[in-house]
Amino acid sequence: MEEAAGRQRKRQRDGDMAPSTEAAAAAAGPSAEAQYLYLPIADALKVPGVRICLFAAVSEIGAAVRSRGTDFTLTLRIVDQSRASGISVTFFADNTALLPCVRSSGHVISLHNIMIALHNGELFVTYNKKFSSFALFEGKVSTECRPYQHSAKYHGSKHDNEILTQMRTWLSFHPQDHEDIELQLRSIKSDSAFDLICKVLHVREASNGVWILYVWDGTDTPATEFQMILDTESDISPPLHLEEAPLPREVLCTMPCVGSVLRVFTNRFFKELLHLQKGTYWARFCNITCKQEFGMWKGIMLPICRVRLLSNEDGSVVERLKMFDSRIAVKVHRQPMASLPNASDITDVEYKSAGYSTLMESLTHGEVLHKIKTLVRVVAAYPCQARDLSLVLAGKHGVRLTLEDPTARIRAYIHRDDGAKFFGGFLTVEAATRKMNKLLGIPEPTDTDVGEQASASKRNPPWIWCCLKSYYLDEDDIWGSRRYRIYATEIRD
DNA sequence: TTGGGG
């Protein structure tokens, strides 16, 4: 930890380099022969107002935004051996191309002729575009010693290579990617804060100043549990999405068909939003929380949450992209993660060899009329009570199901002509009710349950295979009036 | 000049 600082102090004693920071500042002119004394951050903090040089790792990358003046501005957080908490550096430039463009956290930055300044009791690095300069180097895995970006006035020092190697060695033991607190969408939890590394696919301002971010990392959010009684007795179907209004079809069609898209809600404006609105960026959501609403996962950005932009080259991003590539390369791995290794065999579908599609693949399909084979959970059914199921078995009433997979929720109908077949023939009402309960994840009553309030517990519907075909009701609004009908699917005995 | 984590 103190080793590098010690080494530099030793050099000063040996007269190898400038003996004081003031002298170092004097030496740090634009001459190619200039010597640059790199101070550990902790030492730099002791000499505010003096021109100094730092060689540090970038731990956080802010968004480039317009300043309140005429420039663009960008803030980085940098760390080194001497100060793991790091220090904030703000850059200004009249053109965003002149700002440092750090490809990944964990990359290395050299800063010449900067100053430490105190503001509101906190120390910051002041970068002055008139006399400061910077250079950016790759991180721990690289042996390339040339900077991949440097400001016009940057002059490399003869010690740069040596210090860069030291910094990379330190970084290999102190990676700046915070992997220990990172979760993937597949492992999110309620009631605790964590970091998510996600691609922001879309940003939308809801009517009341609430922002919704649509984020994805290539994995599936965990299957949720549902209330036992309330929603199964209601003739009001559970909602299909958390937003007041669903996404327009043209936006939905830009989203991936495999992996969940989490809706993240915030009522706070943060400057990274400007970037996230412009294109699809990867970002780190620090201290995000999630909860379930109507059995759907909802991301919440409390005031403690921060957002950091990540590049496609960031280690955590590369890892997620690789995982997704290997996921979609294997057909069976496109299926809901929670359904693996085996989906239930509660249903039987006629088209054994037909390919599998996610619900999102169907929703974004170019043709309004098509057929798919899916692997879904039955969130709700109406009717589902015995008294009504007799009408279904008699072909006098259809059934409306709410189906979900990790990519979407839809409503699907069992037409009254198909009801008897869906339940596997002409059954007693009791047998049909048992089958319906199986679909909904309602356990068979057992001796231990007798007298217990079933309403107090939760149900966990199984994953079932299901064939769907789309149709529409209105010739003049084929997309708006599209419906789904279950066919060629039968609940087993 | 600008801006400086919640």
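Per chain, numbering begins at 1; letters A, B, ... match sequence-line order. Hydrogens, waters and symmetry mates are skipped; everything else that's a heavy atom, side chains included, is used.
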Rounded to the nearest angstrom, tell me the gap between atom [atom1] in [X] and atom [atom2] in [N].
| X | N | atom1 | atom2 | result |
| --- | --- | --- | --- | --- |
| A/L76 | B/dG5 | CG | C1' | 13 Å |
| A/R66 | B/dG3 | CZ | P | 13 Å |
| A/F72 | B/dG4 | CZ | P | 16 Å |
| A/L123 | B/dG5 | CG | P | 12 Å |
| A/H119 | B/dT2 | NE2 | C1' | 12 Å |
| A/N267 | B/dG6 | CG | C1' | 14 Å |
| A/L309 | B/dG5 | CG | C1' | 14 Å |
| A/N287 | B/dG6 | CG | P | 13 Å |

Review point. Planes under 30° and centres closer than 5.5 Å, is that true for A/F92 with the base of B/dT1?
Key: no
Review point. Reckon A/V125 touches a base, only the sugar-phosphate, or nothing at all at heavy-atom distances under 4.0 Å?
Key: base
Check your understanding: Is it true that A/K298 and A/E243 make a salt bridge, defined as a side-chain N closer than 4.0 Å to a carboxylate O?
Key -> no
Check your understanding: Less than 4.0 Å between a side-chain N and a carboxylate O, is that true for A/D43 and A/K46?
Key -> yes
Exercise for review: Verify the contact: side-chain N or O of A/R68 to OP1 or OP2 of B/dG3, cut-off strictly under 4.0 Å; return yes or no.
Suggested key: yes
Review point. On a plain distance test, is the side chain of A/R308 in donor-acceptor contact with the base of B/dG5 below 3.5 Å?
Key: yes
Check your understanding: Only one of A/L213, A/T266, A/L262, A/I197 clears side-chain contact (heavy atoms from CB on, under 4.5 Å) with A/F285; which?
Key -> A/L213
Which pairs would a plain distance check flag for residues 218-225 of chain A, meaning a side-chain donor or acceptor within less than 3.5 Å of a matching protein atom at least two apart in sequence or in another chain?
unit_1, atom_1, unit_2, atom_2, d
A/T219, OG1, A/L185, N, 3.4
A/T219, OG1, A/R186, N, 3.0
A/T219, OG1, A/D217, OD1, 2.7
A/D220, OD1, A/R327, NH1, 3.2
A/D220, OD1, A/R327, NH2, 3.4
A/D220, OD2, A/R327, NH2, 2.7
A/D220, OD2, A/M337, N, 2.8
A/T221, OG1, A/S260, OG, 3.2
A/T224, OG1, A/G295, O, 2.7

